[in-house]
Amino acid sequence: MGKVLQIGAGGVGTVVAHKMAGLPDVFSEITLASRTQSKCDAVAKAIGGDRIKTAQVDADNVEELVKLIERVKPDLVVNVALPYQDLPIMDACLATGVSYLDTANYEPKDVAKFEYSWQWAYKDRFEKAGLTAILGCGFDPGVTSVFTAYAAKHHFDEIHYLDIVDCNAGNHHKAFATNFNPEINIREITQKGRYYQDGKWVETGALEIHKGLNYPEIGEKESYLMYHEELESLVKNFPTIKRARFWMTFGQEYLTHLRVIQDIGMARIDEVDYNGVKIVPLQFLKAVLPNPGDLGANYEGWTSIGCRIRGVKDGKERTYYIYNNCSHEAAYKETGTQAVSYTTGVPCALGAEMFMKGIWKKPGVWNVEDFDPDPFLARLGEQGLPWHEKFDVDLEL
C-alpha cells in the first residue's frame with residue numbers, strides 16, 4: 001500500500017481517480033490536484049466516499065508543486081496534466097524524492113513537437129536518486145508498447161514490421177469535438193507525419209498517406225498515417241524493427257472542420273494581439289469547443305486499438321494482431337467518461353498499481369516496454385480493457 005498524488009482532473013484524470021479509488025488495498029491515500037480545485041472536488045464527489053482528498057496547484061510552478069508534494073508525502077506522483085508540464089513535475093519529484101508516472105511525453109508550448117529526449121535526459125538524475133520514472137503509461141503510448149513487448153517476449157524471435165492502429169468508430173453527435181484536450185489533439189494531428197524505415201525517419205505531409213483498414217467488430221475505416229511518440233521508444237528498444245508506423249481513423253466531417261480551422265488561423269500556437277490582449281488562437285478555440293470530459297453521455301460505438309506485427313519465429317515468418325475494443329457506452333456507465341478517456345485512464349491507474357506492488361519499479365527513467373508485460377496484461381482485462389489475439393492473419397499493411 002502507498003500514497004499517491006494525482007495531478008490533473010480532466011476526462012482521463014477522472015478515470016484514473018475512479019480506478020485507483022477502487023483499489024484501497026493498493027492505494028492507502030489518494031490526493032487529486034489541479035489548477036482548479038473545484039474540478040477535483042467534483043470528481044471526488046462523483047466517486048463518493050472519502051477515498052479522495054483534493055488540492056489546488058499550478059503544475060507549471062515547481063515551487064508550488066514541491067510544497068504540495070512535501071505536504072502530501074506521496075510514494076508516487078501520477079501526472080495526467082498537460083504535456084507541457086511534464087518537466088516541472090519531474091523537477092518537483094526530484095526535489096522531493098518521489099517517483100513519477102505519466103501518459104504522454106513532453107512537448108514545449110511554442111513548438112508542436114513530440115519527443116522523448118527531454119525526459120530521457122533525466123535518466124541519470126532519477127537513477128542516482130533511487131527514483132522510478134515511468135513514461136507513456138496510457139493506451140497509445142502505453143498499452144500498445146506493452147502489447148509490442150508481449151509479442152516480442154512470447155511470439156517472435158525478431159519483430160520486423162510494426163503498425164499501431166487506432167480506430168474510434170464512435171459518434172458523439174457533435175458537429176466538431178476532440179476526444180481529449182483540444183489544444184493537444186489539434187497540435188498532434190496537424191503536424192507532419194513521420195514513420196521509421198530501415199534505420200531512418202521518413203517525413204510525410206500531415207495525414208497525406210491513408211488507406212482503408214478493417215477493425216474487428218467495426219469494419220473498414222479510412223486510416224491515416226501520422227507520427228506518434230511510442231514509435232520513438234519502440235524502435236530504440238526493439239532494434240530488429242525495420243519499419244514502424246502509426247495509423248488513426250478520422251471521419252470526413254472532422255477533417256473538413258480541421259482544414260477550416262487551419263485555413264482561418266485558429267490552429268496557430270503563436271500569440272496574436274486582440275484589442276491589446278495577447279492570445280493564442282488554438283487556446284481560444286479550446287475554450288469554445290465542447291469539453292472532451294462531457295462527451296460521454298451521448299457517445300455511441302466503439303474504439304479499437306492494437307498492434308499489427310510481422311516478424312520471424314523459429315525461422316518462419318508469422319503475423320500477429322493484438323488489440324482491445326472498448327465501448328463508449330460501457331465506459332460512461334462505469335466512470336461518466338467516453339472510451340478515449342477510459343482507454344487512457346485505466347492503463348495509467350494500472351501502471352501506478354504495478355509501481356506500488358514493486359513490479360514496475362527500478363531507478364531511472366523508463367518507457368513501459370522496459371518492464372515485464374505479463375503482470376500488466378494479466379490485470380488489464382480485469383480492470384475493464386480485455387485484449388484479444390489473432391495469429392497468422394492478413395494484416396492489410
Side-chain angles (χ1 to χ4, degrees), residues 99-105 114 116 119-120 123 126 132-166 195-196 228-247 304-314 317-324 343-344 346-383 385-393 395 397:
S99 290
Y100 169 91
L101 179 147
D102 69 26
T103 63
N105 71 352
F114 299 78
Y116 274 119
Q119 290 179 279
W120 284 345
K123 185 175 180 67
F126 269 81
T132 300
I134 302 171
L135 308 184
C137 195
F139 205 106
D140 45 352
V143 174
T144 51
S145 308
V146 176
F147 280 167
T148 304
Y150 183 83
K153 180 177 178 179
H154 295 284
H155 301 309
F156 290 91
D157 295 323
E158 291 186 0
I159 291 176
H160 291 164
Y161 300 96
L162 168 66
D163 285 280
I164 297 171
V165 292
D166 183 330
Y195 66 94
Y196 183 81
H228 226 241
E229 61 219 64
E230 64 264 47
L231 298 181
E232 182 184 10
S233 66
L234 288 171
V235 298
K236 170 178 171 283
N237 286 320
F238 299 97
T240 63
I241 292 177
K242 298 177 181 179
R243 187 187 68 209
R245 302 179 295 190
F246 183 96
W247 305 79
S304 182
I305 313 173
C307 298
R308 303 185 185 194
I309 299 171
R310 181 155 52 100
V312 174
K313 179 68 173 178
D314 297 327
E317 183 176 279
R318 80 176 318 176
T319 63
Y320 176 66
Y321 183 14
I322 179 170
Y323 66 94
N324 161 265
T343 54
T344 305
V346 170
C348 180
L350 183 51
E353 178 186 341
M354 293 291 104
F355 172 84
M356 288 296 185
K357 290 180 175 179
I359 300 170
W360 283 10
K361 189 175 185 179
K362 56 183 177 180
V365 175
W366 309 98
N367 294 86
V368 293
E369 67 268 21
D370 289 307
F371 298 98
D372 185 358
D374 292 5
F376 182 93
L377 290 183
R379 288 279 290 144
L380 187 63
E382 297 171 4
Q383 285 299 300
L385 295 176
W387 48 281
H388 313 278
E389 299 172 287
K390 293 186 176 185
F391 296 89
D392 301 318
V393 294
L395 299 180
L397 290 160

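The figures here come from the full heavy-atom set of this structure, side chains too, leaving out hydrogens, waters and symmetry mates.
The closest side-chain heavy-atom distance from Leu380 to Leu350 is below 4.5 Å. Inter-residue side-chain proximity for Leu135 and Trp120 is flagged as met; some heavy-atom pair is nearer than 4.5 Å. At least one side-chain heavy atom of Tyr100 sits under 4.5 Å from a side-chain heavy atom of Gln119. In this structure the side chain of Ser304 never reaches within 4.5 angstrom of the side chain of Asn324, judged on heavy atoms. Considering only heavy atoms from C-beta on, Cys307 stays 4.5 Å or farther from Asp163 through its side chain. Side-chain contact between Met354 and Phe371 is absent, with no heavy-atom pair separated by less than 4.5 Å. In this structure, Ile309 and Tyr321 have side chains that are not in contact, with every pair of non-hydrogen atoms separated by 4.5 Å or more. Side chains of Glu389 and Tyr320 form a contact here, defined as non-hydrogen atoms less than 4.5 Å apart.
The distance from the CD1 atom of Ile359 to the CG atom of Asp374 is 11.0 Å, given to the nearest 0.5 Å. For the atom pair NE2 of His160 and CD1 of Ile241, the computed distance is 10.0 Å after rounding to the nearest 0.5 Å. Here the OG1 atom belonging to Thr319 is positioned 15.0 Å from the NZ atom belonging to Lys313, to the nearest 0.5 angstrom. The OG1 atom of Thr148 lies 10.0 Å from the CZ atom of Phe156; values are rounded to the nearest 0.5 Å. Summarising the geometry, atom CH2 belonging to Trp387 is positioned 7.5 Å from atom CZ belonging to Phe147; distances are rounded to the nearest 0.5 Å. The structure places NZ of Lys390 at 13.0 Å from CD1 of Ile322, a figure rounded to the nearest 0.5 Å.
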task: For the pair Leu397 and Val165, evaluate side-chain contact (heavy atoms from CB on, under 4.5 Å) and give the outcome as yes or no after the intermediate values.
output: CA-CA 10 Å; Leu397 290 160; Val165 292; 4.1 Å; yes
- request: Evaluate the side-chain contact (heavy atoms from CB on, under 4.5 Å) criterion for residues Tyr116 and Asn105: first the C-alpha distance (whole Å), next the side-chain angles of each, then the deciding distance (0.1 Å), finally the verdict.
  value: CA-CA 6 Å; Tyr116 274 119; Asn105 71 352; 3.2 Å; yes
- request: For the pair Leu377 and Val146, evaluate side-chain contact (heavy atoms from CB on, under 4.5 Å) and give the outcome as yes or no after the intermediate values.
  value: CA-CA 8 Å; Leu377 290 183; Val146 176; 3.8 Å; yes
- request: Please step through side-chain contact (heavy atoms from CB on, under 4.5 Å) for the pair Thr132 and Phe355, ending with a clear verdict.
  value: CA-CA 9 Å; Thr132 300; Phe355 172 84; 3.9 Å; yes
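Smallest separation of non-hydrogen atoms from Cys137 and Gly351: SG-CA, 3.7 Å. The shortest non-hydrogen separation linking Ala244 to Tyr195 is O-CB, 3.5 Å. Here the closest heavy-atom approach between residue Ala151 and residue Ile159 is recorded as CB-CD1, 4.4 Å. Closest of all the heavy-atom pairs between Trp360 and Ile134 is O-CD1, 3.8 Å. Across all non-hydrogen atoms, the minimal contact from Pro373 to Ala149 is CG-C, 3.9 Å. The shortest non-hydrogen separation linking Val143 to Pro347 is CG2-CG, 3.4 Å.
Under the 6.0 Å cut-off for aromatic ring centres, Tyr150 and His155 qualify, their centroids lying closer than that.
A distance-only check finds a donor-acceptor pair linking the side chain of Arg308 to the backbone of Leu395 [under 3.5 Å].
If you check the side chains of Glu230 and Ser145, you find no donor sitting under 3.5 Å from an acceptor. Asp166 and Trp247 share no side-chain donor-acceptor pair at under 3.5 Å. Donor-acceptor pairing under 3.5 Å is recorded for the side chains of Glu369 and Ser233.
Between Asp370 and Lys362, none of the side-chain N atoms (NZ, or NE/NH1/NH2) sits under 4.0 Å from a carboxylate O, so this pair counts as no salt bridge. Taking a cutoff of 4.0 Å between a charged side-chain nitrogen and a carboxylate oxygen, Glu232 and Lys236 do not qualify as a salt bridge.
Taking the ring axis of Trp366 as reference, the NZ or CZ atom of Lys361 does not stay both within 45° of it and closer than 6.0 Å to the ring centre.
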